[in-house]
Amino acid sequence: QVQLVESGGGSVQTGGSLTLSCEISGNTGITNSMAWFRQAPGKEREGVAAIDNEGRTRYADSVKGRFAISQDDGNNTLYLQMNSLKPEDTAMYLCAATIQREILFKYLKLPEGSGYWGQGTQVTVAS
């Protein structure tokens with residue numbers, strides 16, 4: 001079993017910065033990649049950024065140059081550094097862990113019902 005808990009969400013002004021954290025515990029050896037997703041009301045879930053156990057990363061076009069995904073040395077904490085925030089970034093942000101690295105990096109998505117997920121942390125960017 002893998003458990004994930006997000007933190008760091010909040011309300012910021014347009015152009016501001018925010019760093020999200022995801023604490024990972026349990027049998028983390030069964031996963032090989034992690035990612036941040038987000039979902040806003042009335043919109044489909046969107047893959048934001050992904051990172052594998054070799055440090056390879058991928059970003060959604062909408063956040064390239066503004067967001068950065070990383071992990072600590074022990075791979076027990078996942079981070080998402082968000083800069084130059086826009087109102088369009090407002091959403092519930094969730095972290096996920098998965099063994100399906102190829103699918104995640106090809107589509108920046110995960111098959112329905114797959115992976116391990118946290119409960120999410122809300123990010124609100126005021127215009």
Side-chain angles (χ1 to χ4, degrees):
Q1 182 174 314
V2 177
Q3 296 175 317
L4 306 97
V5 180
E6 303 95 336
S7 63
S11 181
V12 298
Q13 297 292 312
T14 297
S17 298
L18 201 62
T19 299
L20 306 182
S21 299
C22 177
E23 189 71 23
I24 308 108
S25 62
N27 189 13
T28 57
I30 64 176
T31 63
N32 63 10
S33 58
M34 299 190 68
W36 286 97
F37 290 80
R38 66 186 182 186
Q39 187 167 22
K43 300 178 67 176
E44 65 181 13
R45 188 178 66 187
E46 175 188 21
V48 177
I51 186 169
D52 67 9
N53 56 6
E54 299 295 329
R56 180 182 179 185
T57 59
R58 182 190 170 182
Y59 297 91
D61 289 341
S62 60
V63 307
K64 285 182 179 178
R66 300 190 297 119
F67 290 11
I69 188 171
S70 63
Q71 289 183 285
D72 64 8
D73 291 340
N75 295 330
N76 292 320
T77 306
L78 179 72
Y79 301 97
L80 184 67
Q81 175 64 51
M82 304 182 292
N83 301 314
S84 302
L85 283 162
K86 307 174 181 179
E88 307 94 276
D89 296 318
T90 296
M92 179 70 72
Y93 284 72
L94 305 97
C95 64
T98 182
I99 191 68
Q100 301 182 86
R101 183 192 63 81
E102 293 181 350
I103 294 175
L104 176 63
F105 274 76
K106 181 175 182 179
Y107 301 106
L108 206 50
K109 296 180 179 180
L110 288 174
E112 183 179 358
S114 68
Y116 300 90
W117 296 82
Q119 294 299 304
T121 186
Q122 179 67 38
V123 172
T124 301
V125 184
S127 60

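- Counting heavy atoms from C-beta on, the side chains of L94 and E6 come closer than 4.5 Å.
- For W36 (side chain) and Y79 (main-chain N/O), a donor-acceptor pair under 3.5 Å exists by modelled atom type.
- N32 places a side-chain N or O within 3.5 Å of a backbone atom of I99 that can act as its donor or acceptor partner.
- The shortest side-chain heavy-atom distance between L85 and Q13 does not fall under the 4.5 Å cut-off.
- If you take CG on L110 and CH2 on W117, they are separated by 5.5 Å, rounding to the nearest 0.5 Å.
- Here the straight-line distance linking atom CG of L78 with atom OG of S70 works out to 7.0 Å at 0.5 Å rounding.
- The 12-atom threshold is not exceeded at CD of E102, counting heavy atoms of other residues, nucleotides or ligands nearer than 6.0 Å.
- In this structure, the separation between CZ on R101 and OG1 on T31 is 13.0 Å, given to the nearest 0.5 Å.
- Two residues are said to be in side-chain contact when any heavy atoms from C-beta on lie closer than 4.5 Å; T121 and S7 fail this criterion.
- Following chains of ILVMFWY side-chain contacts shorter than 4.5 Å, one cannot reach L104 starting from M34, and the two form parts of different hydrophobic clusters.
- The nearest pair of heavy atoms linking N83 to Q81 is OD1-NE2, 3.0 Å.
- A pairwise comparison of heavy atoms in N76 and D72 identifies N-OD1, 2.9 Å as the closest pair.
- When the side chains of ILVMFWY residues are joined at heavy-atom separations under 4.5 Å, either directly or via intervening members, F37 and F67 end up in two distinct hydrophobic clusters.
- For the side chain to side chain donor-acceptor pair (under 3.5 Å) condition, the pairs that include at least one residue of residues 45-61, sequence neighbours left out, are R38-E46, E46-S62, D61-K64.
- Without hydrogens or angle criteria, T77 side chain to E23 main chain gives no donor-acceptor distance under 3.5 Å.
- Between A40 and A91, the shortest heavy-atom contact is N-CB, 4.0 Å.
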Test side chain to side chain contact (heavy atoms under 4.5 Å, CB included) applied to V12 and M82, step by step: CA-CA 11 Å; V12 298; M82 304 182 292; over 6 Å; no
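- I30 and L4 fall within the same hydrophobic cluster, defined by Ile, Leu, Val, Met, Phe, Trp and Tyr side-chain heavy atoms under 4.5 Å apart, directly or through other members.
- Nearest heavy atom pair, residue S84 against residue S17, reads N-OG, 4.4 Å.
- Put simply, OG1 on T98 and CD1 on I103 are 7.5 Å apart, with the number rounded to the nearest 0.5 Å.
- Counting heavy atoms from C-beta outward, V2 and I24 have side chains that approach closer than 4.5 Å.
- The minimum heavy-atom distance linking L108 with A50 is given by the pair CD1-CB, 3.9 Å.
- Heavy atoms only, all atoms of each residue included: G120 and M92 are closest at C-SD, 3.5 Å.
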